[in-house]
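The structure under discussion appears below in the form of structure tokens.
In this text the structure is predicted, and so the values were computed from the model without any measurement. Below, each value reflects all heavy atoms present in this structure, side chains not excepted, and no hydrogens, waters or symmetry copies.
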Amino acid sequence: MAKGVPVFTKRVKRLMNSILGRQYGVLAKIVEDFDRGHPCSDVVFLGDSTVLRVANEDQDRRSTAEMLAGDLSGAARVLELSHGAYHMAIYYHMVNTFRVTRQQPRLIIVPINMRSFSPQWYLRPGWEFAPEIRLLRRYYSGQGLRLRYKKARTAKLEGEYRKTRVEYPMTSLRTVGEFEELRLNHPDSPTQQERRRRELFIYFFLHPISESHPLLVKLREMVELAQMLSIRMLFYISSINVEAAMRSVGQEFERYFAMNVKVVKDALAKQNCVFVKDTDGNDLCDRLTAYTDYSRALGSDCFFHTESIDEHLNQKGRRFISEGIRDITFKLFEPVGSAVEQS
């Protein structure tokens with residue numbers, strides 16, 4: 001009988017989802033924490049899968065946000081709002097909710113995933129999150145709170161997505177579909193495996209980024225919004241496995257990747273975000289927005305596998321990010337306020 005209860009519960013949940021739609025947990029957490037009048041979290045940690053995923057071998061199963069909560073030693077409450085494939089467009093609408101909530105966080109932490117600027121990510125039909133964005137916009141526009149949505153049907157859009165023409169350095173592939181065929185294929189031949197790795201590192205990280213990129217536009221709008229709301233915001237460029245990329249692609253990978261990172265950092269600098277290289281000598285207490293760069297900070301041993309193509313961090317990598325953000329957070333909160341005291 002006991003074994004049948006979870007099965008029945010799952011069936012009921014699936015039935016509810018099919019009839020009423022899925023519950024949007026991110027918006028539910030925002031409303032519960034910041035619009036109910038009780039003490040709210042000091043820090044909101046937005047994130048994608050690089051924040052929430054853990055390696056199979058990890059003994060520490062905490063997300064990066066959960067590690068940060070521990071590293072702050074109770075000095076500040078942290079609310080994690082993460083979901084796989086999230087990006088600047090949906091982060092922007094999430095931050096907009098704090099225009100209407102009764103309370104606001106003192107600090108919002110936002111990872112900038114360089115792969116999110118690739119057509120593989122930001123153009124993918126299933127990763128636009130249009131239904132979730134509609135719920136967020138409905139809420140902060142004063143049209144009322146709804147927490148359920150129907151998942152977008154994107155199968156018909158997949159064909160057009162694959163036809164999208166792209167321009168990349170160091171490759172002869174010219175459509176999304178050509179890259180996707182490689183991504184979904186897992187060859188047995190060592191030669192073909194290495195070709196696949198090389199092309200995917202290029203596909204994920206070397207698509208040239210311009211100032212007019214839609215996600216950079218949302219990034220700038222998010223900075224302006226946070227400044228208008230007087231909410232501190234810390235951006236960090238999340239890490240990629242540069243060592244493995246250079247083994248597969250060569251030294252030129254670093255040059256092209258650095259050019260893309262520079263475009264992002266220049267966009268932040270133009271919005272009066274202060275760059276934090278380390279916390280020594282940085283007086284951040286009077287700055288609303290700051291950013292740091294972890295894009296090339298980690299060795300291959302900080303990822304799920306030493307040859308990982310994606311950006312998912314093991315516990316060593318997540319620990320590095322958490323400790324760095326902890327130190328910057330304490331600097332941003334100086335002079336010490338009532339909600340946060342450095343021990």
Counting N and O atoms only, with roles assigned by atom type, does the side chain of Gln193 sit under 3.5 Å from a partner on the main chain of Asp188, one being a donor and the other an acceptor? yes

Is a side-chain N or O of Arg148 found less than 3.5 angstrom from the main chain of Gly21, in a donor-acceptor match? yes

Would you say the rings of His83 and Phe129 are close, in the sense that their centroids are separated by under 6.0 Å? yes

So for atom CD, which belongs to Gln143, do other residues, nucleotides or ligands contribute more than 12 heavy atoms lying within a distance under 6.0 Å? yes

Note: Glu199-Arg183 ion pair, threshold 4.0 Å (strictly below): no

Pairing donors with acceptors under 3.5 angstrom, does anything connect the side chains of Glu80 and Ser63? yes

Pair Glu32 + Lys29: basic N to acidic O under 4.0 Å: no

Closest heavy-atom pair and its distance - Lys218, Ala89: CG-CA, 3.9 Å

Contacts table for residues 49-57: side-chain donor-acceptor under 3.5 angstrom, sequence neighbours left out:
from: Ser49; atom 1: OG; to: His312; atom 2: NE2; distance (Å): 2.8
from: Thr50; atom 1: OG1; to: Asp48; atom 2: OD1; distance (Å): 2.4

Are more than 12 heavy atoms, taken from residues, nucleotides or ligands other than Arg61, located less than 6.0 Å from that residue's CZ atom? yes

Any donor-acceptor pair under 3.5 Å linking the side chain of Gln104 with the backbone of Phe98? yes

Tell me yes or no: between the side chains of Ser248 and Glu194, is some donor less than 3.5 Å from an acceptor? yes

Please name the pair of heavy atoms, one in Val261 and one in Ser295, separated by the smallest distance, quoted to 0.1 Å. CG2-OG, 4.0 Å

What I'd like to find out is whether the side chain of Ile209 reaches to under 4.5 Å of the side chain of Leu216, using heavy atoms alone. yes

What I want to find out is whether Asp58 reaches Arg318 closely enough, with some N-O distance under 4.0 Å, to be called a salt bridge. yes

Which residue, Trp121, Tyr161, Tyr168, forms the ring pair (Phe, Tyr, Trp, His ring centres under 6.0 Å) with Phe179? Tyr168

In a check of salt bridge (Lys or Arg N to Asp or Glu O under 4.0 Å) between Arg296 and each of Glu243, Glu311, Glu254, which one passes? Glu254

Exceeds 12 heavy-atom contacts within 6.0 angstrom, atom CD of Glu181: no

Hydrogens and angles aside, do Ser300 and Asn241 bring a side-chain donor and acceptor to less than 3.5 Å of each other? yes

Check the orientation of Tyr291 and Phe275. Use parallel for under 30°, tilted for 30 to 60°, and perpendicular for over 60°. tilted

Might you point out which heavy atoms bring Ile109 and Pro111 nearest each other, and give the distance in Å? O-CD, 4.0 Å

Carefully, step by step, assess Tyr139 and Asp35 under the rule side chain to side chain donor-acceptor pair (under 3.5 Å). CA-CA 11 Å; Tyr139 174 67; Asp35 210 20; 2.7 Å; yes

Flag this pair as yes if the NZ/CZ of Arg102 is under 6.0 angstrom from the six-membered ring centre of Phe34 and inside a 45 degree cone about the axis; otherwise no. no

Using the test side-chain hydrogen bond (donor to acceptor under 3.5 Å, both in side chains), find all partners of Arg36 that sit at least two apart in sequence or belong to another chain. none

Ion pair present between Glu158 and Arg162, side-chain N to carboxylate O less than 4.0 angstrom? yes

Between Ser239 and Phe303, which heavy-atom pair has the shortest distance, and what is it? O-CE2, 4.0 Å

Quick one: closest heavy-atom pair of Phe204 and Ser118, and the distance? O-CB, 3.3 Å

With no hydrogens and no angle check, is any side-chain donor or acceptor of Ser41 less than 3.5 Å from a backbone partner on Val43? no

Would you check if the side chain of Ser141 reaches a backbone N or O of Arg138 as a donor-acceptor pair within less than 3.5 Å? no

Which pair of heavy atoms, one from Phe253 and one from Met170, lies closest together, and at what distance? N-CE, 4.1 Å

Could Lys270 and Glu211 be called an ion pair, given the rule that one side-chain N must be under 4.0 Å from one carboxylate O? yes

Could you tell me whether Glu180 and Arg124 make a salt bridge, using a distance below 4.0 angstrom between a side-chain N and a carboxylate O? yes

Where the side chain of Gln315 meets the backbone of Asp60, is there a donor-acceptor pair that is under 3.5 Å apart? yes

Do the side chain of Asn260 and the main chain of Phe205 share a donor and acceptor less than 3.5 angstrom apart? yes

Are Tyr122 and His213 near enough that their ring centres are under 6.0 Å apart? yes

Just jot down the side-chain hydrogen bond (donor to acceptor under 3.5 Å, both in side chains) partners of Asp266, sequence neighbours excluded, or say none. Lys262

Quick check, are the ring centers of Phe320 and Tyr294 under 6.0 angstrom apart? yes

Looking at side-chain heavy atoms only, is the closest gap between Leu27 and Arg146 below 4.5 Å? no

Is any NZ, NE, NH1 or NH2 atom of the basic residue among Asp293 and Lys277 found under 4.0 Å from an Asp or Glu carboxylate oxygen of the other? no

